[in-house]
Number of protein chains: 2
Amino acid sequence: MYTIGELSKNTEVTVRTLDYYDEIGLIKPSSKTEGGHRLYSEDDVMRLERVLALKYMGFSLEQIKDILENSTSTWQDSIQQQLELVKREQERLQVLEQALLGISYSIEIEGEINWKIIFSIIQLYQQDPEDALQQYKDYLNDGEMKKIMDMNVKNMSEEDIRKWIKVIHDIKNNLNIDPASEKAQQLVESWLNQAEKMYGNDEKLLGDMWQALQNLKEGIAFYPMNKDVIQFIESVFIAKEELKK
Amino acid sequence: MYTIGELSKNTEVTVRTLDYYDEIGLIKPSSKTEGGHRLYSEDDVMRLERVLALKYMGFSLEQIKDILENSTSTWQDSIQQQLELVKREQERLQVLEQALLGISYSIEIEGEINWKIIFSIIQLYQQDPEDALQQYKDYLNDGEMKKIMDMNVKNMSEEDIRKWIKVIHDIKNNLNIDPASEKAQQLVESWLNQAEKMYGNDEKLLGDMWQALQNLKEGIAFYPMNKDVIQFIESVFIAKEELKK
DNA sequence: ATTGAACAACACGTAACGTGCTGATTTATA
DNA sequence: TATAAATCAGCACGTTACGTGTTGTTCAAT
């Protein structure tokens with residue numbers, strides 16, 4: 001027989017918690033002293049340990065009462081349900097992480113908070129990824145779409161992302177320079193390097209993507225590649241062609 | 001200017017929520033009617049949208065107030081902190097999922113709830129995986145330990161797990177049959193198949209593991225391979241050797 | 001018998017609202 | 001323009017799993 005203090009010390013559960021479990025009828029001490037102090041038996045300790053185990057598994061105290069009172073038949077069900085919950089929560093966090101990363105990179109590139117882009121990013125991740133790509137369906141085929149879906153921020157290395165940020169940042173800071181200048185050619189060169197590294201040697205994919213980017217007004221799915229940057233790159237290409245002649 | 005009802009309809013935020021945001025000073029309407037009804041301006045709507053965005057990112061209302069009131073300088077910090085939180089929560093859920101899977105499989109194998117094993121599984125996942133393997137350090141070298149750590153329930157296919165469950169279940173139900181019998185030989189045969197599939201053709205690892213399993217009293221890390229099963233397999237091996245002579 | 005530690009029982013606080021209420025105000029209809 | 005209907009403000013209590021603090025009581029040791 002343990003007093004509530006002893007039990008608390010042994011199990012590392014606070015007295016208040018045991019108090020509360022008593023209050024809601026989850027663990028009632030099997031006996032009391034004449035003066036009304038609670039005395040917990042070995043059975044009570046066992047029940048407490050089971051409660052703690054179930055709590056660790058993420059069940060609410062209400063659910064734990066149910067589970068411990070009913071037969072063993074519902075055990076598998078309960079655990080499967082809990083697993084479902086855990087999986088859904090994992091997916092939610094996955095999406096959230098993507099969004100936070102996207103916003104973080106957007107701040108680094110823009111140097112300030114662009115609320116429009118934050119809303120776009122959140123919207124983008126609130127719908128499912130398949131839908132988000134639908135706007136590109138006129139320009140990309142199914143295989144290409146699949147490839148792009150696998151190519152999200154998460155799958156890029158930290159270093160690749162840094163490089164992308166730098167490249168785009170540099171271009172954004174030099175949108176007004178002469179497209180025929182040495183500097184402009186260099187900027188587009190580094191952009192091309194990154195793009196090729198990202199899309200491998202899939203020339204067709206790169207071309208189709210370029211088509212899509214040029215034609216879509218708000219290509220948020222490929223943020224931070226916005227109209228400004230695309231137009232700049234295009235103008236540099238044109239200038240290059242001119243020079244060749 | 002919107003009334004609270006109109007704003008609620010447009011933003012899909014309940015009136016009570018807007019009421020609450022007003023109450024805690026997060027979004028105060030910029031004007032009111034003579035009768036005291038709240039009127040929200042476009043600026044108020046923008047602030048609400050920002051609040052919703054930050055809420056989606058997982059910030060508390062308290063944090064949101066801070067972020068919106070202070071300058072942009074802390075933005076990156078806030079987001080990085082939030083990312084840290086998200087990552088920690090992801091790890092926690094990962095561990096939880098493993099534990100739940102382990103418990104689920106244990107119930108399938110045992111056919112009933114074995115609290116001792118549930119506690120062991122939870123303990124196993126509460127400590128970090130490196131520590132859990134320390135008990136095997138006399139039998140396995142570092143490379144082998146690393147290999148085993150990569151070989152958890154998560155990395156096994158659903159089908160492999162089913163097969164394991166079946167094999168172990170079958171053995172547990174036949175612990176008392178003659179080790180020299182046809183049936184016993186078959187059981188061990190299928191166990192060997194699974195083990196080889198799991199450990200590839202790393203004969204040494206399999207051997208060392210076997211050593212460890214035989215010598216450790218409570219090999220919960222390799223649950224459901226408990227003493228009973230190990231002894232049975234051992235006895236079948238011995239019987240086989242005898243037969244050969 | 002005394003004293004100090006442990007205890008029971010209660011109250012209030014937490015975060016972000018949901019639910020339901022009353023009475024005032026606005027809008028629509030007759 | 002009077003009245004009905006809709007909307008609104010403002011309040012209170014409920015939710016989860018306890019933490020924190022208080023007062024008065026009981027226990028164990030001296």
Side-chain angles (χ1 to χ4, degrees), chain A residues 1-41 44-45 47-68 82 85 89 92 96, chain B residues 1-41 44-45 47-68 82 85 89 92 96:
Chain A
M1 286 296 187
Y2 306 91
T3 67
I4 200 168
E6 288 162 0
L7 184 58
S8 168
K9 261 178 204 155
N10 291 332
T11 55
E12 311 220 15
V13 173
T14 66
V15 172
R16 177 64 180 104
T17 298
L18 294 170
D19 202 10
Y20 181 65
Y21 290 169
D22 185 9
E23 194 181 320
I24 62 170
L26 185 57
I27 300 171
K28 288 217 165 285
S30 31
S31 56
K32 294 198 171 186
T33 65
E34 291 170 21
H37 283 196
R38 286 167 279 210
L39 292 173
Y40 291 87
S41 69
D44 295 335
V45 176
R47 188 171 168 96
L48 172 59
E49 274 167 1
R50 292 175 183 189
V51 167
L52 295 180
L54 289 165
K55 206 154 79 80
Y56 173 81
M57 294 183 218
F59 292 101
S60 73
L61 299 186
E62 191 80 24
Q63 289 173 308
I64 294 175
K65 251 209 282 192
D66 270 20
I67 293 175
L68 288 181
Q82 197 60 25
L85 268 181
E89 183 64 9
R92 200 184 68 83
L96 184 54
Chain B
M1 286 296 185
Y2 306 90
T3 66
I4 200 169
E6 288 161 1
L7 185 57
S8 168
K9 261 178 204 155
N10 291 331
T11 56
E12 312 220 8
V13 173
T14 66
V15 172
R16 177 63 179 106
T17 297
L18 293 170
D19 201 10
Y20 181 64
Y21 291 167
D22 185 10
E23 194 182 320
I24 64 171
L26 184 57
I27 299 171
K28 288 220 167 282
S30 30
S31 56
K32 293 199 173 186
T33 65
E34 291 171 18
H37 283 197
R38 286 167 280 209
L39 292 174
Y40 292 88
S41 70
D44 295 335
V45 176
R47 187 171 168 95
L48 172 59
E49 273 167 3
R50 291 176 184 189
V51 167
L52 295 181
L54 289 165
K55 208 154 77 80
Y56 174 81
M57 295 182 216
F59 292 102
S60 73
L61 298 186
E62 191 80 23
Q63 290 173 307
I64 294 175
K65 252 210 280 194
D66 269 22
I67 293 175
L68 288 181
Q82 197 60 24
L85 268 181
E89 183 65 8
R92 200 184 68 83
L96 185 53

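In the text below, chain A, chain B and the rest are named by the order of the sequence lines, each starting its count at 1.
Residues forming a side chain to side chain contact (heavy atoms under 4.5 Å, CB included) with A/Leu54 (at least two apart in sequence, or on another chain): A/Met57, A/Phe59, A/Ile64, A/Ile67, A/Leu68, A/Trp75, B/Trp115.
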Identify the pairs formed between an N or O of the protein and an N or O of nucleotides 24-26 of chain C at a distance under 3.5 Å, and give each distance.
residue : atom : partner : partner atom : Å
C/dT26  : OP1  : B/Thr33 : OG1          : 3.1
C/dT26  : OP1  : B/Gly35 : N            : 3.0

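The backbone N or O of A/Val13 lies less than 3.5 Å from a partner atom in the side chain of A/Ser8, making a donor-acceptor pair.
Nearest-nucleotide positions on DNA chain C for B/Arg16 and B/Leu61 put B/Leu61 closer to the 5' end.
OP1 or OP2 of C/dG18 lies within a sub-4.0 Å distance of a side-chain N or O belonging to B/Thr14. Look at A/Thr17 and you won't find any side-chain N or O under 4.0 angstrom from OP1 or OP2 of D/dA17. For B/Lys55 and C/dC17, the shortest distance from a side-chain N or O to OP1 or OP2 is below 4.0 Å. Side-chain nitrogen and oxygen atoms of B/Tyr21 include at least one within less than 4.0 Å of the OP1 or OP2 phosphate oxygen of C/dC17. For C/dA8, the OP1/OP2 oxygens have a side-chain nitrogen or oxygen of A/Arg38 closer than 4.0 Å.
Across all non-hydrogen atoms, the minimal contact from B/Gln82 to B/Gly58 is NE2-O, 3.1 Å. In terms of heavy atoms, B/Asp44 sits closest to B/Lys28 at OD1-O, 3.7 Å.
Of all the residues in residues 4-13 of chain A, A/Ile4, A/Gly5 reach under 4.0 Å from DNA chain C with at least one non-hydrogen atom.
Atom P of nucleotide D/dT16 and atom CD1 of A/Ile64 are separated by 13 Å, given to the nearest angstrom. We find that CG of B/Asp19 is positioned 17 Å from P of C/dC21, with the value rounded to whole Å.
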